[in-house]
Amino acid sequence: MTEFLFYSLVASVVLTVLINLLPMLFPRTARKAQEKMEESARRAIERREAGDEPKIKVFFPWKAMLIASIVLTVLVNLIGYLARG
């Protein structure tokens, strides 16, 4: 159990560092993603003010959840395999 906690903490630190370094390594990509999010927010505000959009909008990111589930399953299995040695 202590090995699992150790690997979880290490993975958490590594993923946090990667997520914070990626925008530095790829500044144009980060800028484009930010611009797309801003444009999407602007369009949503405009639609909301025009009354074209319903008051309640349900967002269910099933594709992102599926991809994250597959990636995390592979990572957990890989870490388990490497831990067994």
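Source: prediction; values computed, not measured. Numbers for residues simply follow the sequence, beginning at 1.
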- Item | Single-linkage hydrophobic cluster V17~M24, side-chain heavy atoms < 4.5 angstrom | yes
- Answer yes when E35 and R31 have at least one side-chain N-carboxylate O distance shorter than 4.0 Å, and no when they do not. no
- Note on the structure: The reported gap from CG in N20 to CG in L25 (rounded to nearest 0.5 angstrom) is 11.0 Å
- Taking L18 as the fixed residue, which of V14, T16, L21 is the one that meets the side chain to side chain contact (heavy atoms under 4.5 Å, CB included) rule? V14
- Message: Whether the side chain of S69 engages the backbone of M65 through a donor-acceptor N/O pair (distance < 3.5 Å, no angle test) should be reported.
- Response: no
- ILVMFWY network linking V76 to V10, side-chain heavy atoms under 4.5 angstrom: no
- Message: Let me check something: do L72 and I79 share a hydrophobic cluster, defined by ILVMFWY side-chain heavy atoms less than 4.5 Å apart, either directly or through other members?
- Response: no
- Message: Keeping S8 on the side-chain end and F4 on the backbone end, is there a donor-acceptor pair under 3.5 Å?
- Response: yes
- Task: Tell me whether L9 is reachable from F6 by hopping between hydrophobic residues (I, L, V, M, F, W, Y) whose side-chain heavy atoms are closer than 4.5 Å.
- Result: no
- Would R42 and E39 pass as an ion pair if we require N to O under 4.0 Å? yes
